[in-house]
Amino acid sequence: MCIVRKMASLYCFESCRGLMQLIALLTFICLFTPTLSRPNEHVIAFFQGRCIPNSCQHLCKNIDNGGYICTCREGYRLNKDGFTCSALPQETAVIHSALLNHQTFYQTLSEPGIIKPVENSPELDHLILSDGTHTLKAADEGHIFLDNQNVDSKDSLLKKSKQKTLDKDGTLLKSGHFDQKTDVVLSEDNDSEQNVKIKSFDYKQGPSLEYMDLKKDSIDLKKLVPDYWTEQIYKEKADNLNRKKLKEDSDKCKSYKCEHNGTCVLDGGLARCDCPFGTSGEKCEKVTDVRYPKFYGNSYLALPVLKNAYKDLEIFMEFKPTANFGLLLFSSEFENAKADFFSLALIDGFAEFRFDCGTGTGVIRSEQQALVGNWNTVRVTRSENRASLWLNDMGPVHGLSKGNFTRVTLRQHLYMGGYDKMSLIHDRLGTGKGFVGCMEQLIINDYIYDLRGDNGIIGDTQFGLNIGECSEGVCNYVMCQNGGTCMIKSADSYVCLCPLGTGGENCQHKTQVHIPEFRGHSYLEYKGLGRSALSFLEIEIVFKPLGPDGLILYNGYTNDRKGDFVSLAMRKSYLEFKFDLGTGPAVIRSAEPLALNQWHWVKVSRTGLEGVMEIFQDIGNLVTISHSQGAFTQLTLTLNLFIGGHSHFDVTSKYANITQSFRGCIQKIVINNKPLQLMEDAISGVNIEGCEHPCVGHPCLNAGECVPKRDVYSCSCPLGYNGLNCEKEAKNPVDSPRFMGESYLMYMEKKVAKRISGNKIDIRIAIKPESPQGLLFWSSQDGMDSSSDYVALGFVDGALQFRYNLGSGEAVLSYNDSRLFDGVWHYIHAQRDKQDGFLAVDELDVVEGSSKGTYTMLNTNKVLYIGGMPNVSQNTLRKFTTGFKGCIQDLILGEDLTLSLTENAQKGRNILPCL
């Protein structure tokens, strides 16, 4: 056996010849440090051969050059035989120094030797002497623990351990008590016989210990550590290194100039710029228009403080993460979230909502993970201390906050994607990481946030840091044809805005539109209503929604998002009619959601402050009434009217709170009794396609006009044709024509015009009416208004009326007798002489009357309509609402002109023979 000792850096070898004949050669090596006692030196034995089962009591390790050694498991030491192991003594010292208030600086030695500080280290903290097994927090520094048991916490360690302590100057004391001022704990026992030996030293992890005798009440451990740094030396070196580091950092940022008020920061020792919201680039050199914000993990944007969310809160977000972690939303009462708060975050890919009403946090976590690299939706509802969460429409998951409080007070901004003081709140939120990815939509309590910067007119973002734009470059390589333009429609998609008459994904084909379909990025623009709706407005519309949200109609007053407006929109499948007279909006909402992909007939109106919505249904009409705020009663709409969307939602009223265009078809719009010719009257428009409808196939023959009626149609046939599709030709003139409510005959001959204008008129006509409503006879001025000249004969609610206005006031002569609807012919005689008039029925009953004012002459456009006219309600100013239903014959004008009704007519529609 050969024994090798390390002594004063020299190795001494002693040869032993007698044992060389043994099967295994045993070699003992004794590791020795002169300043430490010999009795407890460590011995390692080398054996010839290779490791086989039972070669060693515990562990066997082969040596590269042949042979093997035995080692022991933790808590044991190798005996002198080199084979067996014995448990370490029960009391083993673990020594910690007093805590110094600067960063850690350390060096590790694997065997005894001279300990010297590592030069140019950037960090210093505190000197810790430890066996490397136990790690204590700052409050425990300065302890010596005299056992070898592994423990899990500070409390258990203190309970299980006998304690000795270093004084602040590094002296090991025998007994005493804990002193906060000196970080000293003194042992309760009197055991002074301990073998302590510093095997290695690490300025951060501490020294590894062996054994030596404590012959005195105290021992100066500094003498055991060569080049031991005192606290003063540590402070001096720490201060020098800190100053050097600060100067180096300052020098790096001095040469790294950030533009647009960006701030230079060091990240991993490298300089970079934190860029204010609206700027981006390596040095914040780019001005960025943010609409769909992009987050990088060190980003955030701040929205206004949430109001009216203390009791109820509903959140909807659409996001696309590129990492499975990060803060999505956060707001609180205090900046450190120590009291009320709520947060929504991705944690390990799961959506997690936390909220605290002040008495304990509630945590709700989705059952599935978000899809990284794909768009996800998350919805959260909270009512008092109850909350629910849906991720990608999966859920809900329910939860409660702790305690009895049910209100959440929020005084801080609403943060998205991160927080500027993340270190203060990460324990409360369960994450300290910012979001990485894109955001597209945020809706809270029905308010749709505009994530652009707040410029006083548009945008909700107050401030932010390191925000990019997800849609950047989307339109760079898009070619829209036929004058179309590329528009960003989402964070990663575009749409070509195609002028009227063109369509397709890239506006590549021509279109002919009978019934317009709006695709979600469409609109039609018309001349605005101006002052025509000051006191009264009525809108009748027939439409088929294909999506639950979108703007159907809008007309405003100014482009600053303020003032008067009127809007009709779909919101979550409900129909909303809004108007603002300048002092706050009235909101009239349908009592029930409207079915999608079905036609609906709706009429909305306002008179002064009162608004009414009427939805016509087969099983009964739904009527909703509401009122505008304030005292103003007039509605002024100076801007253009938009249907199906808007060219620039940024100029729409903030109270309209809609940014999405309508998806669906619009068949008919009538405003104040004036039908809007949807395609013909449009000033401009984009992305208008043809809606699927039977009229698209032109089913009406012989120049008949297809009139859509929701899902079906009717044909308006020219004079001389009839039938479902105008396919039948009338071979003989019709002496007694039948009118269907949408029928008329028009006369423009001079002999006719001569007998209906001037200071006298005489009308004789035979009728067989079928309906209590309907226009029989009409002639007026062009551009009819309340003071225009006109003469008329017709039914209103069953009463036969003879009406005229000579320009200074109306005369209305009314005869009401249900016998007129008995299915037989009745003879009507109406006569006017200057202002005076009379009406006779069957030459028996006579009604007389006079017009107001002094005018005596009737001036018209010299056109006479019999049985109806186009757009009856509009062109008569609602004096009559429909055409006549029934038969007419024997029309005589001026006592001497007998008209052949169909042969003398210049034009007619939907005329049938009377049966």
Side-chain angles (χ1 to χ4, degrees), residues 291-292 471-528 541-547 549-555 568-570 596-597 599 639-652 658-669 671 675-700 703 705-708 711 713:
R291 192 181 193 101
Y292 305 106
S471 67
E472 185 177 8
V474 168
C475 276
N476 285 356
Y477 303 102
V478 177
M479 298 294 293
C480 301
Q481 303 176 33
N482 293 311
T485 57
C486 180
M487 184 191 79
I488 303 293
K489 75 173 184 178
S490 70
D492 52 10
S493 63
Y494 72 93
V495 62
C496 282
L497 301 181
C498 305
L500 290 179
T502 66
E505 183 178 351
N506 294 306
C507 315
Q508 68 272 19
H509 61 249
K510 301 292 184 179
T511 60
Q512 287 186 340
V513 176
H514 190 82
I515 300 171
E517 179 180 352
F518 300 81
R519 299 290 183 88
H521 296 279
S522 316
Y523 67 83
L524 288 169
E525 183 179 7
Y526 307 84
K527 182 181 178 181
I541 182 169
V542 177
F543 67 104
K544 180 171 69 174
L546 299 179
D549 299 282
L551 180 64
I552 298 173
L553 178 148
Y554 181 87
N555 201 176
L568 188 65
M570 292 286 292
L596 301 182
N597 203 29
W599 290 101
L639 302 179
N640 281 343
L641 169 70
F642 285 85
I643 300 295
H646 205 285
S647 62
H648 203 7
F649 280 100
D650 294 344
V651 303
T652 61
I658 189 99
T659 59
Q660 187 172 343
S661 295
F662 175 68
R663 285 200 304 116
C665 302
I666 298 178
Q667 191 175 105
K668 173 185 175 182
I669 294 181
I671 301 177
L676 189 65
Q677 303 300 315
L678 291 172
M679 298 307 298
E680 294 83 354
D681 293 343
I683 298 172
S684 68
V686 297
N687 292 2
I688 302 299
E689 300 279 354
C691 185
E692 292 185 5
H693 192 274
C695 281
V696 175
H698 304 288
C700 303
E705 179 185 355
C706 186
V707 180
D711 283 324
Y713 70 95

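On a predicted model such as this, the values are computed, not experimentally measured, just so you know. By convention here, the first residue in the shown sequence is residue 1.
- Shown here are the salt bridge (charged side-chain N to carboxylate O under 4.0 Å, His left out) partners of K544, two or more places apart in sequence or in another chain: there are none.
- Nearest approach of I658 to A569, heavy atoms of both residues: CD1-CB, 4.2 Å.
- Residues N640 and N555 are not in side-chain contact: their nearest non-hydrogen atoms beyond the backbone lie 4.5 Å or more apart.
- Rounded to the nearest 0.5 Å, atoms CG (L596) and CZ (R663) are 8.5 Å apart.
- For the atom pair CG (L568) and OH (Y554), the distance works out to 13.5 Å, reported to the nearest 0.5 Å.
- Within 6.0 Å of atom CD in E472, 12 or fewer heavy atoms from other residues, nucleotides or ligands are found, so the atom counts as exposed in its surroundings.
- The CD atom of E517 lies 8.0 Å from the OG atom of S522; values are rounded to the nearest 0.5 Å.
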Table please: side-chain donor-acceptor pairs of residues 642-649 below 3.5 Å, with sequence neighbours left out.
unit_1, atom_1, unit_2, atom_2, d
H646, ND1, H648, N, 3.0
H646, ND1, H648, O, 3.2

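- We find the CG-CD distance between D549 and Q660 to be 5.5 Å, quoted to the nearest 0.5 Å.
- Annotation for S684 and Y523: closest pair OG-CE1, 4.1 Å, computed over non-hydrogen atoms.
- At a threshold of 4.5 Å between non-hydrogen side-chain atoms, the residues L678 and Y526 count as touching.
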Contacts table for residues 485-500: side-chain donor-acceptor under 3.5 angstrom, sequence neighbours left out:
unit_1, atom_1, unit_2, atom_2, d
S490, OG, S493, N, 3.3
S490, OG, S493, OG, 2.3
D492, OD2, K320, NZ, 3.4
D492, OD2, W375, NE1, 2.9

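- Between the side chain of E689 and the backbone N or O of G504, at least one donor-acceptor pair lies under 3.5 Å.
- No side-chain heavy atom of V707 sits under 4.5 Å from any side-chain heavy atom of Y713.
- Looking only at side-chain heavy atoms (C-beta outward), T502 and K510 come within less than 4.5 Å of each other.
- Rounded to the nearest 0.5 angstrom, H698 NE2 and H514 NE2 are separated by 8.0 Å.
- Side chain of N687 to main chain of H521: a donor-acceptor pair is present (N/O by atom type, distance under 3.5 Å, no hydrogens or angles).
- By the neighbour-count criterion of 12 heavy atoms within 6.0 Å, atom CD of E692 is sparsely surrounded, having that number or fewer from other residues, nucleotides or ligands.
- When all heavy atoms of M570 and G547 are compared, the pair lying nearest together is CE-O, 4.2 Å.
- Judged by distance alone, with hydrogens and angles left aside, the side-chain atoms of D681 form no donor-acceptor pair with the main-chain N or O of L676 at under 3.5 Å.
- With a 4.5 Å cut-off on side-chain heavy atoms, C700 and E705 do not count as touching.
- Across all non-hydrogen atoms, the minimal contact from I515 to H693 is CD1-CG, 3.4 Å.
- Of the inter-residue distances, the one linking F543 atom CZ with I669 atom CD1 reads 10.0 Å to the nearest 0.5 angstrom.
- Sulfur-to-sulfur, C480 and C507 sit at least 2.5 Å apart at their SG atoms.
- Taking both residues in full, the closest heavy atoms of C695 and P708 are given as SG-N, 3.9 Å, listed atom of the first, atom of the second, then distance.
- The side-chain heavy atoms of I541 and I666, taken from C-beta on, include a pair separated by under 4.5 Å.
- Other residues, nucleotides and ligands place more than 12 heavy atoms under 6.0 Å from the CD atom of Q677.
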